[in-house]
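Counting from 1, the numbers follow the sequence of the chain as shown. These figures come from a predicted structure and were not determined experimentally.
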Amino acid sequence: MDTAHHMLLYGCRTPVSTTNYCVKGTCEDEASIMYAWARNAPPTRLPPGTQSLSFFFPLISLSPFHLSLSPPNHSLSSSGLFICVFLIPSTVTNADVACTYNSYPIYPFAFRTHTHKLGQVVSGYRIRDGKWTLIGRQTPQLPQAFYPATKGINVKYGDTLAARCVFTGEGRTTKTYIGGTSDDEMCNFYMMYYMESRHAAPFQECMEDGSKELFQNIPPEANVPITVPPEMMMRLNCASSLKEHQDDMALLQPKREEEEVLDQEYHLEEVTDWPESPLQLGQVSGLALDSDDNLVIFHRGDHQWGVNSFDNSGKYQQQSLGPIQQSTILVVDPVKGSVLKASGRNMFYLPHGITTDKDNNYWVTDVALHQVFKLSSDGRDKPLVVLGEAFEPGSDKEHFCKPTDVAVDPVTRNVYVSDGYCNARILKFSPEGKYLSHWGAGSSDRRRRVQFRIPHSLVFLPDRRELCVADRENGRIQCFVAESGEFVKEIKKQEFGGEVFAISYAPVHGGLIYAVNGESAYGRSAPLKGFVINYSTKEILDDFSPENAQFGMPHDIVVTKDGRVFVGDAATDSVLKFSSDSKAAGGLNLGNFFATHKGYTRQGFDRLSTEGSDQEKDDDNDTDSENEEYSAPPPPVGPSSSS
């Protein structure tokens, strides 16, 4: 890509020249793009059986002829086929295109996105009967290969094809125009498809400006940038040889089916001989990991959360007990279970959530104190930052009401607090503790938005720059753009039984969410388990529970870099460890599970991971409520169990 940014292969009957190839233009007649390459893309292999069709594999190119700008007071000017677009520095601009499809059915099997430097994400959809179905979504800053389209999708006469490109002008001080140079911008969404040969259409284009009314209903994911990890781009862009580059690309590509059968099937099981010696714990409310993957336990010592702990206004009623005298924070060896460090004496009344930042500082919440603390891990027990007022619940910017958890952005170091048992919000603070913003529950349909009912656990997704929330009493997981609080997606499963107590995340295999459910006060309880969930497809890949007993109240969960899972149980005053015999360096090896479950066949062409895509099922008759974005409203709010 340092030599050639992109190359296009055209097909036509009459080329501009048959002798001089350094001429402007390609075809005297209509040119059809047969294939495109850009940004160090790997090779593409076509699906089995389609090679024998008697026509070239056609593409549909969706690119805007007019681009609508936001804010609307910035002008457009026309210059032939290129429309001048002014991208204002530090703002986001969308380019929308949509057309009605008026031909025979096509079956997309691959898609490719293309912009230049300012493109953040490009998404393509089929709209049928008002329902938007994702064809493909990817960042154009990755090698611009043809990625697999949503499995089983088709486009029929009367459907609408729509695409959106999201650009940012951050860092630019001059106008940016639509054009062909690397300093200009483009917006393209290509689809490879097949169709019956007697109806073959080699190339189709859509260049109609999408209406604002239509794009008001575009799924929120289309507006969410896909972050490319810097280390990935550095390796791809700095490969010193073709072999090195191919090796790096191979690491990004999923295994083929014939390779996966060599792997063992993945399943988490309890490690029954951990810890080697019993840990002296009270109610275990929070778990975290430090930079060495040591387990950090936050527990309540001899204090317990009971029915008399708070009055109706949320004020703590047992101050006379004094703070917990035992060490409430224990750093534990994840292999043997021995205590490495202990701290947190005479500080807390009812510990709840804990996380660590990149400097191994502890960020903790205390529901009795209604406060959030930043503590050094050196054991000196002197708060570095304190948020909230001791024993004073509230709902303004300076007060919390039983805050539940904390998450820290490892890049910006901004701090996120879930608040909590009385309030229904997520608050964002600077590293120094300055209030920045807050938001509530999200929805792709504001008319159906259901507010949080105890946002109980937080996890930051570093590879996606998102924050996910375990919305306990609603039995769902909601994810947001961490910077803005913009809603991204919701995961709600019948297996949760109406309760999700805690979540964790591993940035492997496209993103895995780990969750534990809990007892429901509304009679909808499911068996208490831990779950491994594919972030993109929302599919439950594995569930697990103790070998010879049951969870009492699984209250928090963490996963180590090598895939070992720890669950803190507040009812049994214990921490349980789970592991799989199948391990792979750098994360879990899900083995042939991926080869045998829906959406993961390896037939077809080589491609990069599509971990940025929310690939939903495409079944027009699907009525499975667990995969609907929003299920029926929850029952009326009633007394909830304490934890």
**OP:** Only counting residues at least two apart or in another chain, list the ones meeting side-chain hydrogen bond (donor to acceptor under 3.5 Å, both in side chains) with Thr560.
**Re:** Asp562
**OP:** Just jot down the salt bridge (charged side-chain N to carboxylate O under 4.0 Å, His left out) partners of Lys428, sequence neighbours excluded, or say none.
**Re:** Glu483
Original post:
Can you find a heavy atom in the side chain of Leu289 that is under 4.5 Å from one in the side chain of Leu295?
Top reply: yes
Subject >> Qualifying disulfide (SG to SG under 2.5 Å) pairs, either residue in residues 549-578, two or more places apart >> reply: none
Original post:
Which of these, Glu466, Lys489, Arg464, sits in a side chain to side chain donor-acceptor pair (under 3.5 Å) with Tyr535?
Top reply: Glu466
Subject >> Basic-acidic side-chain contact under 4.0 Å: Arg300, Asp573 >> reply: no
Original post:
Do any pairs count as a disulfide (SG to SG under 2.5 Å) and have a residue in residues 474-508, sequence neighbours left out, and if so which ones?
Top reply: Cys468-Cys479
Original post:
Does any non-hydrogen side-chain atom of Phe531 lie less than 4.5 Å from one of Phe496?
Top reply: yes
Subject >> Residues which pass ring pair (Phe, Tyr, Trp, His ring centres under 6.0 Å) with Phe566, listed by chain and number, not counting sequence neighbours >> reply: Trp274
Original post:
Only one of His352, Arg453, His370, Lys402 forms a side chain to side chain donor-acceptor pair (under 3.5 Å) with Tyr421, so which one is it?
Top reply: His352
Original post:
What residues, two or more places apart in sequence or in another chain, satisfy side-chain hydrogen bond (donor to acceptor under 3.5 Å, both in side chains) together with Ser291?
Top reply: Asn360
**OP:** For Asp471, enumerate each residue passing the salt bridge (charged side-chain N to carboxylate O under 4.0 Å, His left out) test, keeping only those at least two apart in sequence or located in another chain.
**Re:** Arg476
Subject >> Qualifying salt bridge (Lys or Arg N to Asp or Glu O under 4.0 Å) pairs, either residue in residues 350-362, two or more places apart >> reply: Asp359-Arg413
Original post:
For Tyr505, which residues count as a ring pair (Phe, Tyr, Trp, His ring centres under 6.0 Å) partner, sequence neighbours excluded?
Top reply: none
Subject >> Residues which pass ring pair (Phe, Tyr, Trp, His ring centres under 6.0 Å) with Tyr416, listed by chain and number, not counting sequence neighbours >> reply: none
Original post:
With sequence neighbours excluded, what pairs up with Phe452 under the ring pair (Phe, Tyr, Trp, His ring centres under 6.0 Å) test?
Top reply: none
Original post:
For Ser574, which residues count as a side-chain hydrogen bond (donor to acceptor under 3.5 Å, both in side chains) partner, sequence neighbours excluded?
Top reply: Thr572
